[in-house]
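Worksheet: the structure to be examined is printed underneath.
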Amino acid sequence: MNNYMRFALLGATVAFGFPAAAQELPARIKDAGKIVIATMPNYPPITYKDPATNQLQGFDIDLGEAIGKELGVKVEWQEIAFAQMLPSLQTGRVDLAMAGMSDKKARQETADFVDYMKSGAQFYTSKALAAEIKTVDDLCGKSVGASRSTDWPAQITAWSEANCVAKGKPAINVTGTEGSADARTQIKSQRLQAAAQGNETLPYNQKLEPDTYVTIGDAFSQSLAGIPVLKSETQLRDAVKVALEKLQANGTYDALLDKYGLKANKLTPITVNMGE
C-alpha cells in the first residue's frame, strides 16, 4: 500500500470516527465546543440534585450528557427558573432546555420540541386519607392541587367537568400550587385532600417518603415531554433528534429509563412538535 492510500484511509478513519451528528451542528456551537442547556433541578427523577454532593442528576441530566457526547460537544448546564426557559432560548442565553417540559401547541409558537418521553397526570392522596378517597369518583367536591406552572390544574378542571359536574356531583376545588413539592406539603397538612403530578415522578416520591402517598386510579391524561429548540435553529433541532434516535438504537435511552424507573414513559419513535 503506497503512502497516498495510507493517508487516505487514515483521513477516512478520522472523519468517520467523530459522531456524524456533530457535523450537522450550527457553526457557533461547533466553534464553542459546547452546548448550553437550561434545567431546574426540582423535578426528580427527571432533574434534581444529589442530596449528598449537591451535583445535578436525573434522567434528563444523563440524557443531556449522552446527547452532547453524540454531538461531539461538552454540555454546560444552567439552572434557570422554569418560566424563564423559553425566554432564555429567545435571548440566546441557552441553546436547549431539559426539564421534563411538556410539548404544547402554545409553546410551539416560540420553539420546536423534540419529543422524547411520555408523561401522564396522576391523582394521588395521603395514606391518612386513603380510606376516604379510594377511587377517582371520591375526588368530586374535594380540594385537589397541582403546580400552577404546568397544565395540570386545567386538566383537573376538565376532568372535573366531565366526571363530576356532568354527573350532578360537586366540582373539584382546583388549587394551583407553587410546585409539586408544595402540593405534597399541603397534602400532608391536609390543606389539600389530593393532588396531581406526572406519573414519572410519583414512584420516586413514594420511595423517598414511604407510606406517605397513595395513587388514585390510573393516569387521567397523557402529554409528551420535549426538548425546546428556538424555531429558527432548525439545524440544531435536527441534530438533537438524530442524536436521540442513535441513543435509542444503541440502547442508551432504554438503559437510562431503567435506571430511573421510567419504563412506562418510553416514547418511540422520537418526534417533533407532536404535543397537543
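This structure is a prediction, so every number in the text was calculated from the model and none was measured.
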How would you list, by chain and number, every residue that makes a ring-ring contact (aromatic ring centres under 6.0 Å, His included) with Tyr124, sequence neighbours excluded?
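ring-ring contact (aromatic ring centres under 6.0 Å, His included) check on Tyr124 returns Tyr213.
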Just verifying a value: how many Å separate [X] [atom1] and [Y] [atom2], rounded to the nearest 0.5 Å?
| X | Y | atom1 | atom2 | value |
| --- | --- | --- | --- | --- |
| Met274 | Leu224 | CE | CG | 8.0 Å |
| Ser160 | Gln155 | OG | CD | 13.5 Å |
| Asp137 | Leu139 | CG | CG | 8.5 Å |
| Thr125 | Gln190 | OG1 | CD | 8.0 Å |
| Leu129 | Lys188 | CG | NZ | 13.5 Å |
| Ile46 | Met117 | CD1 | CE | 4.0 Å |

Side-chain contact, heavy-atom cut-off 4.5 Å: [X] with [Y]?
| X | Y | answer |
| --- | --- | --- |
| Arg237 | Val272 | yes |
| Trp159 | Ser221 | no |
| Gln84 | Arg93 | no |
| Pro228 | Met101 | yes |
| Leu192 | Thr175 | yes |
| Asp138 | Glu132 | no |
| Pro44 | Thr201 | no |

[X]/[Y] ion pair, N-O < 4.0 Å:
| X | Y | result |
| --- | --- | --- |
| Asp115 | Lys241 | no |
| Glu79 | Lys49 | yes |
| Lys104 | Glu276 | no |
| Glu109 | Lys231 | no |

Same cluster or not: are [X] and [Y] linked, directly or through other Ile, Leu, Val, Met, Phe, Trp or Tyr residues, by side-chain heavy atoms under 4.5 angstrom apart?
| X | Y | answer |
| --- | --- | --- |
| Met98 | Leu25 | yes |
| Leu256 | Val75 | yes |
| Val240 | Leu63 | yes |
| Leu86 | Ile80 | yes |
| Tyr253 | Leu71 | yes |

If you measure only the distance, is there a donor-acceptor pair under 3.5 Å linking the side chains of [X] and [Y]?
| X | Y | answer |
| --- | --- | --- |
| Asp211 | Gln206 | no |
| Trp77 | Glu65 | yes |
| Asp182 | Gln186 | yes |
| Asp60 | Tyr116 | yes |
| Asn273 | Asp103 | no |
| Thr215 | Gln122 | no |

Please determine whether the number of non-hydrogen atoms from other residues, nucleotides or ligands lying under 6.0 Å from atom [atom1] of [X] exceeds 12.
| X | atom1 | answer |
| --- | --- | --- |
| Asp31 | CG | yes |
| Lys34 | NZ | no |
| Lys105 | NZ | yes |

Could you check, using the six-membered ring where one of them is a Trp, whether Tyr204 and Tyr260 have ring centers closer than 6.0 angstrom?
no
Under the criterion side-chain contact (heavy atoms from CB on, under 4.5 Å), which of Leu96, Ile29, Val94 is the partner of Val36?
Val94
In sequence, state the C-alpha distance, the side-chain angles, and the governing distance for Ile156 and Phe123, and then conclude on side chain to side chain contact (heavy atoms under 4.5 Å, CB included).
CA-CA 9 Å; Ile156 296 171; Phe123 288 123; 4.0 Å; yes
Determine whether Thr47 and Thr39 satisfy the following criterion, side chain to side chain donor-acceptor pair (under 3.5 Å), listing intermediate values before the conclusion.
CA-CA 7 Å; Thr47 173; Thr39 194; 2.9 Å; yes
